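Here is the structure we will look at.
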Amino acid sequence: MNFSEVFKLSNQLCKFSPDGKYLASCVQYRLVVREVGSLQILQLYSCLDQIQHVEWSADSLFILCAMYKRGLVQVWSLEQPEWHCRIDEGSAGLVASCWSPDGRHILNTTEFHLRVTVWSLCTKSVSYIKYPKACQQGISFSRDGRYLALAERRDCKDYVSIFVCSDWQLLRHFDTDTQDLAGIEWAPNGCVLAAWDTCLEYKVLLYSLDGRLLATYCAYEWSLGIKSVAWSPSSQFLAVGSYDGKVRILNHVTWKMLTEFGHPAAISDPRVVVYKEAEKSPRGALGRPACPPPRAAESKYEIAAVPVSLQTLKPAADRANPKIGVGALAFSPDSYFLATRNGDFQVLSLCWPVTGDSLALLSKDHFCLCFLETEDGADALGQLGDHT
C-alpha cells in the first residue's frame, strides 16, 4: 500500500467522481479537479465565496459547489470549463444542496427547512416539496434514480414521503415508528428503505417501497445508540456504527446481526496481523537517489509484533458531541471490504472511488490517497479498515 503526497484541503471537501477517474477537492473558494491516476490538476475553478459543499453529478460531467452563507450554488462543467450555472435562493436562504440521480436537477433545502426547491438545468423549471425534516440524512434517492424518499415532520410526528423523480409527484406517504427520525437510506437494489432513530434510542427500521414495516433492530437500550449507517453495494449487508465503538452487520434475509467488529485500543490476538507504517527512502542505481514517479512510495508497511497499542485521542467528556463511536462507514465497491472510523483517531473521514483500488484519507486541512497495488496491499487495507 503506497501513499501519495499530502495536499491542502478545506472543510474535508474531497470527492471522487462517480466514474472513479477524477478527484475534486476544495481550498477555500477554489475547486481543484485532479486525475486520480496521476493526481495532476485537470481543471481549476474559482467560486464567488468559500465553498461549503461539493458534489459530482452522477455522470461525472458536472460539479456542484454550494456557498450556504450567501445562499448560492454554482455548477461547473468538466467538459466545457467556460460554461457555468449560478442558482441564488435569495431571502429563502440555503442549508443543503444535492444532485438528483439524472444529473440535471438540483435540490436545494431552504433555511428553517421550509421547503425543498427542485431546479432543472435543462428546462429551467422549478418545483417545490414541503415539510422536509431537519435531520442528519433526510433525502435519499433509489439507486436506479426513479424514486426520492424524503423525511418529513408534521404535527410533531415523523413521516416518509416517496416521490417519482420523473415528475416529482407523490407516490407514497407513511408515518415511521420513531421518536425523532435521524436519517433514511435506500438499499442499492431499491427494495428496502432503512430508517433510524435519534441517538438517544437505538432503533433501525426497514420499510418496503409501499411503506410496510419489514423489521426492527435494536442492539441495546439506555445508552447512546446509532451514529452511522451504510448499505453494502450488493444490498446484502447493512452496517450500523454505534456510539459503543462497534459496527454491527445485519443480513438482508432475516435482518438479524450477522457479525460485529470492534475498535480495541490494544491488539493482542496473535491471529491478527498488524501493519505499521515506516519511512522508506527509494534509491536508484549505484546508490544515487531515484527520481520519484508521480505515485512514488514515501513509506512502507512492516508487520508489528503483537501486542500492539494503537494511538487514540481522548474525547473531551465535558463538551457536547464527544468524539466517540463509529461515525464513518465505507464499503468497497465489490462489498469485500468495510473501512470504518472510530471517533478517537486522527483520520476524520475517508472515501472509496468506484474502482476500489485506492482510498482517500482526509484530515481537517489535508488529504492524501493510498493506493493498493498487490495482494499484500489488499490485505493491509483489510486490517486498516478494521482499525482506522
Side-chain angles (χ1 to χ4, degrees), residues 1-17 22-56 63-70 72-74 76 94-98 136 227-228 241 263 276-280 292 294-299 301 310-316 319-330 339-353 358-371 381 384-385 387-388:
M1 180 162 50
N2 299 326
F3 286 84
S4 72
E5 63 178 295
V6 176
F7 301 98
K8 289 185 178 180
L9 189 68
S10 296
N11 300 323
Q12 300 180 44
L13 296 179
C14 181
K15 297 287 183 65
F16 286 104
S17 61
Y22 310 108
L23 180 65
S25 61
C26 299
V27 182
Q28 296 182 350
Y29 63 91
R30 294 185 297 273
L31 172 66
V32 184
V33 179
R34 302 175 187 270
E35 292 182 339
V36 172
S38 64
L39 292 180
Q40 297 299 308
I41 295 178
L42 181 66
Q43 298 290 351
L44 181 63
Y45 306 97
S46 294
C47 293
L48 296 175
D49 204 341
Q50 183 169 346
I51 304 170
Q52 294 172 279
H53 174 70
V54 63
E55 187 173 324
W56 288 90
I63 310 175
L64 173 157
C65 295
M67 291 140 279
Y68 297 140
K69 293 180 181 179
R70 296 186 56 173
L72 288 176
V73 172
Q74 287 186 269
W76 306 95
L94 180 68
V95 296
S97 183
C98 67
Q136 173 187 353
K227 193 170 184 179
S228 56
H263 279 259
K276 183 178 180 180
E277 187 176 3
E279 292 186 0
K280 181 179 180 181
R295 298 194 324 188
E298 297 182 358
S299 62
Y301 279 86
L310 305 179
Q311 269 192 333
T312 60
L313 300 176
K314 186 176 181 181
R319 296 182 182 179
N321 301 316
K323 294 183 178 181
I324 59 175
V326 180
L329 303 167
T340 70
R341 176 184 59 82
N342 204 20
D344 57 357
F345 293 98
Q346 296 286 357
V347 176
L348 299 180
S349 186
L350 44 81
C351 54
W352 292 92
S358 60
L359 184 69
L361 304 178
L362 317 180
S363 68
K364 182 179 180 181
D365 302 313
H366 298 85
F367 77 94
C368 73
L369 264 63
C370 60
F371 298 92
L381 183 57
L384 176 68
H387 303 297
T388 297

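Here the structure is a predicted model, which is why all the values come from computation and not from measurement.
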Shortest non-hydrogen contact from [X] to [Y]?
| X | Y | answer |
| --- | --- | --- |
| Phe371 | Ser358 | CD2-CB, 3.9 Å |
| Val6 | His366 | CG1-CB, 3.3 Å |
| Leu329 | Gly241 | CD1-N, 3.7 Å |
| Ala24 | Leu31 | CB-CD1, 4.1 Å |

*Under 3.5 Å, is there a donor-acceptor pair between the Thr340 and His263 side chains?*
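Indeed, the side chains of Thr340 and His263 share at least one donor-acceptor pair under 3.5 Å.
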*Inter-residue atom distance Gln74.CD - Ser97.OG, 0.5 Å rounding*: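 If I round to the nearest 0.5 Å, the distance is 11.5 Å.
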*Would you give the length of the straight line joining atom CZ of Arg34 to atom OG of Ser17, rounded to the nearest 0.5 angstrom?*
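These two atoms lie 14.0 Å from each other.
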*Just do the side chain to side chain contact (heavy atoms under 4.5 Å, CB included) check on Cys98 and Glu55 with the steps written out, would you?*
CA-CA 7 Å; Cys98 67; Glu55 187 173 324; 3.6 Å; yes
Is there a side-chain contact between [X] and [Y] (heavy atoms, below 4.5 Å)?
| X | Y | answer |
| --- | --- | --- |
| Leu9 | Asp365 | no |
| Val36 | Pro353 | no |
| Val33 | Trp56 | yes |

*Which residues share a side chain to side chain contact (heavy atoms under 4.5 Å, CB included) with Ala360, sequence neighbours left out*: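 Side chain to side chain contact (heavy atoms under 4.5 Å, CB included) check on Ala360 returns Phe16, Cys351, Leu362, Leu369.
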*How far apart are the C-alpha atoms of Val32 and Phe7, what are their side-chain angles, what is the distance that settles it, and do they pass the side chain to side chain contact (heavy atoms under 4.5 Å, CB included) test?*
CA-CA 11 Å; Val32 184; Phe7 301 98; over 6 Å; no
_Chi angles and distances behind the side chain to side chain contact (heavy atoms under 4.5 Å, CB included) call for Leu94, Leu72_ = CA-CA 7 Å; Leu94 180 68; Leu72 288 176; 6.0 Å; no
Listing, residues 41-52 side-chain donor-acceptor contacts under 3.5 Å, not counting sequence neighbours, or none:
unit_1: Tyr45; atom_1: OH; unit_2: Ser77; atom_2: O; d: 2.9
unit_1: Gln52; atom_1: OE1; unit_2: Tyr68; atom_2: N; d: 2.7
unit_1: Gln52; atom_1: OE1; unit_2: Lys69; atom_2: N; d: 3.0

*Give the intermediate values and the outcome of side chain to side chain contact (heavy atoms under 4.5 Å, CB included) for residues Lys15 and His53.*
CA-CA 10 Å; Lys15 297 287 183 65; His53 174 70; 4.2 Å; yes
